[in-house]
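Written out below as structure tokens is the structure these notes cover.
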Protein chains: 2
Amino acid sequence: MSRGELARQQSTHLALAELKAACVNCNLREICLPAGLSNEELAQIDNLVNVRRKVKRGEALYRAGEVFDAIYAVRSGFFKSCVTYEDGRDQVTGFSMGGEILGMDGIGHGIHNCDAIALEDSEVCSIPYVRLEELAREVSGLQRHFHKMMSREIVRESGVMMLLGVMRAEERIAAFLLNISQRLNARGYSPLEFNLRMTREEIGSYLGLKLETVSRAFSKFHNDGLIEVEQKFVRIIDVDGLKQVYAHHVN
Amino acid sequence: MSRGELARQQSTHLALAELKAACVNCNLREICLPAGLSNEELAQIDNLVNVRRKVKRGEALYRAGEVFDAIYAVRSGFFKSCVTYEDGRDQVTGFSMGGEILGMDGIGHGIHNCDAIALEDSEVCSIPYVRLEELAREVSGLQRHFHKMMSREIVRESGVMMLLGVMRAEERIAAFLLNISQRLNARGYSPLEFNLRMTREEIGSYLGLKLETVSRAFSKFHNDGLIEVEQKFVRIIDVDGLKQVYAHHVN
DNA sequence: GGGTGCATTTGATCCACATCAAAACACACT
DNA sequence: AGTGTGTTTTGATGTGGATCAAATGCACCC
């Protein structure tokens with residue numbers, strides 16, 4: 001598949017998603033907040049997410065410091081989350097794609113802790129937090145699943161801590177590519193070829209590396225026959241080889 | 001206050017805590033799971049935490065891979081959480097002291113994601129998760145507070161990611177010391193002198209540094225008149241100086 | 001179609017922290 | 001007090017990734 005075809009396939013997929021109205025019909029329901037709910041329960045929560053919101057590329061869904069009142073399910077598009085430090089240093093703390101939940105960091109203090117910025121034109125389902133609380137008290141499947149999503153966010157972050165704390169540059173980048181690949185796969189896209197939505201600098205920020213280091217690692221993987229890279233387009237040639245990069249470390 | 005007196009004061013404090021039975025009487029209730037509940041609500045959740053458990057220094061409260069069925073509130077003592085990687089590399093992902101909740105990482109997949117190891121003889125309140133779920137549906141204050149605790153864990157971890165991703169060694173260690181100091185303060189201990197419960201290696205693992213680097217930073221802070229260090233004992237001399245170490249970076 | 005601005009690549013050099021090594025120290029046990 | 005074990009300190013050296021610099025490529029826009 002060419003780069004152009006791939007881009008077309010991805011956007012068609014997203015366009016279809018936008019036509020549908022509610023969780024019941026959403027093709028992301030199996031990986032989103034309603035995952036694991038019965039059809040009855042699903043119907044109950046459907047009016048929970050009645051508000052949709054489009055966010056254009058480069059715009060913020062929310063920003064650190066804003067009052068928190070809703071969490072968001074990504075319906076289409078792609079987001080980065082990033083925190084800015086008092087002294088201006090900032091870091092990307094995560095990337096979110098369809099079916100993933102954004103904003104759970106705001107619950108703790110009622111204030112968003114990070115910015116959520118769309119990396120392409122995106123759409124989200126807005127889920128008012130007080131209504132989610134209420135409904136979680138009635139629909140135990142929803143309560144349980146919501147807790148799972150928060151817990152998995154904790155686990156995801158400790159995975160990133162591991163990455164930042166103990167892995168070397170190439171391992172981080174191999175792990176990153178495999179992670180993106182696996183998430184695209186879970187959403188029905190090709191796990192072997194895709195267009196990155198973020199810049200080298202954003203990848204670097206997420207992985208605790210400089211953009212030059214990211215670029216060099218991509219080039220090295222390319223030369224080693226593990227991947228093909230051409231700007232934002234990536235094709236994974238040798239999945240196992242990539243896995244070995246971060247399994248087979250110095251020892 | 002001498003090192004000996006300080007140790008005695010801390011353990012007396014803990015001994016008193018152990019005499020009391022329930023959340024209603026617990027001196028940690030303001031920072032633990034029941035924080036913010038009314039007296040009525042507090043009474044309702046009291047039988048939730050009926051099971052106590054002692055964990056001796058070096059023993060595990062739980063280990064990665066074990067089935068998750070309860071979260072734990074630290075009643076006395078000190079824990080580290082650490083994850084071990086397939087290839088044997090591991091990393092400390094957090095330290096927990098009185099009033100803090102352990103085990104929320106297990107909710108997502110029903111399996112604990114990390115080891116929780118006592119760094120001194122400790123005691124925890126065991127909170128069966130299914131009962132917590134039930135009660136959270138009835139006591140909305142509990143539900144809300146539980147969500148807040150999970151969310152704050154997410155925020156805490158993104159703080160660590162920032163630390164690992166963008167800070168230099170001395171900044172990390174200054175931030176670490178100030179964080180410990182502030183948490184001790186919130187629990188009624190002196191924020192300016194305390195005994196670390198963990199080794200240099202464990203601090204290093206948490207901060208993504210080698211133990212020698214931690215030791216060198218401690219020595220440097222000592223020489224710069226910011227702190228006094230003698231093995232595990234730390235006295236903070238110049239809080240503002242310490243804050244400047246990580247506020248005043250290269251620019 | 002050519003210009004402007006941002007993203008990416010690649011090379012050369014530097015430095016913060018890791019690594020290696022050894023000594024000093026603390027604590028538990030006998 | 002003496003011995004063993006694990007922790008901490010300190011020094012000397014090495015290196016992975018940062019930094020600095022410059023060229024190239026791509027997208028957008030007039």
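As a whole-Å value, the separation of B/L209 CG from C/dT19 P is 11 Å. Counting to the nearest Å, the C1' atom of D/dT9 and the CD1 atom of B/I227 are 14 Å from each other. As a whole-Å value, the separation of A/K220 NZ from D/dG16 P is 12 Å. Rounded to an integer number of Å, the gap from CG of B/L196 to P of C/dA26 is 16 Å. The separation between B/K210 atom NZ and D/dT15 atom P is 16 Å, rounded to whole Å. In this structure, the CG atom of B/N223 is 11 Å from the P atom of D/dT9, given to the nearest Å. Nucleotide C/dA18 holds its C1' atom 18 Å from the CE atom of A/M167, rounded to whole Å. Atoms CG (A/L207) and C1' (D/dG17) sit 13 Å apart, rounded to a whole Å.
Note on residues 200-225 of chain A: pairs passing salt bridge (charged side-chain N to carboxylate O under 4.0 Å, His left out), not counting sequence neighbours, are A/K80-A/E202, A/E170-A/K220, A/K220-A/D224.
Here the side chain of B/S122 pairs a donor or acceptor atom with the backbone of B/F78 at under 3.5 angstrom. Looking at A/E228, its side chain never comes within 3.5 Å of a backbone N or O of A/R235 through a donor-acceptor pair.
Not counting sequence neighbours, the partners of A/R63 by the side chain to side chain contact (heavy atoms under 4.5 Å, CB included) test are A/A60, A/E66, A/D115, A/I117. For A/F221, there are no ring pair (Phe, Tyr, Trp, His ring centres under 6.0 Å) partners, not counting sequence neighbours. Residues passing the side chain to side chain contact (heavy atoms under 4.5 Å, CB included) test with A/D90, sequence neighbours excluded: A/T84.
Among the protein residues, A/G208 comes within range of the sugar-phosphate backbone only, with heavy atoms under 4.0 Å from sugar or phosphate atoms but none that close to a base.
Using a cut-off of 4.0 Å between Lys/Arg side-chain N and Asp/Glu carboxylate O, B/R187 and B/E100 are scored as salt-bridged.
Expressed to the nearest 0.5 Å, how far CD of A/E193 lies from CD1 of A/I237 amounts to 9.0 Å.
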Worksheet item: How would nucleotides 4-15 of chain C be written as a contact map, 5' to 3', with B for base contact, S for sugar-phosphate-only contact and - for no contact, using protein heavy atoms under 4.0 Å?
Response: ---SSBBBB---
Fill in: CA sep, side-chain torsions, deciding dist, call: B/Y189, B/F194, ring pair (Phe, Tyr, Trp, His ring centres under 6.0 Å)
CA-CA 8 Å; B/Y189 298 114; B/F194 45 85; over 10 Å; no
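Remark on the helix from C/dG1-D/dC30 to C/dT30-D/dA1: inter-end axis angle 50°, axes from five-pair C1' superpositions, rounded to 10°.
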